[in-house]
Amino acid sequence: MMDKQMEDLLFEAADNARSIVVELEHLNAIRIGVERLMERIEEVIYKKWHENMGVAQLTIIEMEQSVRLLDLAFNPLFEKMRERAITLDENIEQLRNVTSE
């Protein structure tokens with residue numbers, strides 16, 4: 001039977017792994033947002049809206065807002081995922097130490 005320390009480490013590692021999976025879904029939503037923004041840029045160029053100053057200004061404002069939202073979503077998510085990955089790595093190292101004792 002597992003000792004308490006190993007059991008706690010396994011639960012923590014499993015929790016971190018599940019959290020990373022959920023965060024990857026959030027990252028996928030950001031990827032879709034970037035994909036849609038790229039499609040919008042291609043549409044603007046294809047329809048030559050960039051040649052009309054008024055339409056170009058409105059389009060740039062729209063794209064700027066999209067980029068800001070993507071940035072707001074991405075940066076905290078990236079930090080959380082980085083911290084979880086570091087913690088998961090620490091969990092694995094601790095598990096190695098416990099099992100080698």
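- In the hydrophobic clustering of this structure, Leu24 groups with Val34; members are Ile, Leu, Val, Met, Phe, Trp, Tyr whose side-chain heavy atoms approach within less than 4.5 Å, directly or through other members.
- To the nearest 0.5 Å, atom CG of residue Leu27 and atom CD1 of residue Ile20 are 12.0 Å apart.
- A continuous path of Ile, Leu, Val, Met, Phe, Trp and Tyr side chains, each step under 4.5 Å between heavy atoms, connects Met81 with Leu70, placing both in one hydrophobic cluster.
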Donor-acceptor pairs under 3.5 Å, side chain of residues 49-57 to any protein atom, not counting sequence neighbours: which ones?
residue : atom : partner : partner atom : Å
Asn52   : OD1  : Gly54   : N            : 3.0
Asn52   : OD1  : Val55   : N            : 3.3

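- By the 4.5 Å heavy-atom criterion applied to side chains, Glu12 and Asn16 are counted as neighbours.
- With sequence neighbours excluded, no residue satisfies salt bridge (charged side-chain N to carboxylate O under 4.0 Å, His left out) with Glu90.
- Under the 4.0 Å criterion applied to side-chain N and carboxylate O atoms, Glu7 and Lys4 are not assigned as salt-bridge partners.
- Sorted by first and then second residue, the salt bridge (charged side-chain N to carboxylate O under 4.0 Å, His left out) pairs with a member in residues 20-33 read Glu23-Arg84, Arg31-Glu35; sequence neighbours excluded.
- Cluster membership for Met38 and Met63, using ILVMFWY side-chain heavy atoms within less than 4.5 angstrom, is shared.
- Counting only residues at least two apart or in different chains, ring-ring contact (aromatic ring centres under 6.0 Å, His included) contacts with residues 78-101 comprise Phe74-Phe78.
- In this structure, Ile41 and Ile45 have side chains that are in contact, with non-hydrogen atoms separated by less than 4.5 Å.
- Sequence neighbours left out, not one pair with a member in residues 4-32 passes ring-ring contact (aromatic ring centres under 6.0 Å, His included).
- A single hydrophobic cluster is seen to contain both Val98 and Leu10, as judged by linkage of ILVMFWY side chains at heavy-atom distances under 4.5 Å, directly or through other members.
- Among pairs with a residue in residues 70-81, those fulfilling salt bridge (charged side-chain N to carboxylate O under 4.0 Å, His left out) read Glu79-Arg82, at least two apart in sequence or across chains.
- No side-chain heavy atom of Val67 sits less than 4.5 Å from a side-chain heavy atom of Glu64.
- Note: the hydrophobic cluster containing Leu88 does not contain Met6 (ILVMFWY, side chain heavy atoms under 4.5 Å, direct or indirect links).
- A distance of 14.0 Å separates CG in Leu37 from CD1 in Ile32, rounded to the nearest 0.5 Å.
- Glu43 has a carboxylate O that lies under 4.0 Å from a charged side-chain N of Arg40, or vice versa, which qualifies the two as a salt bridge.
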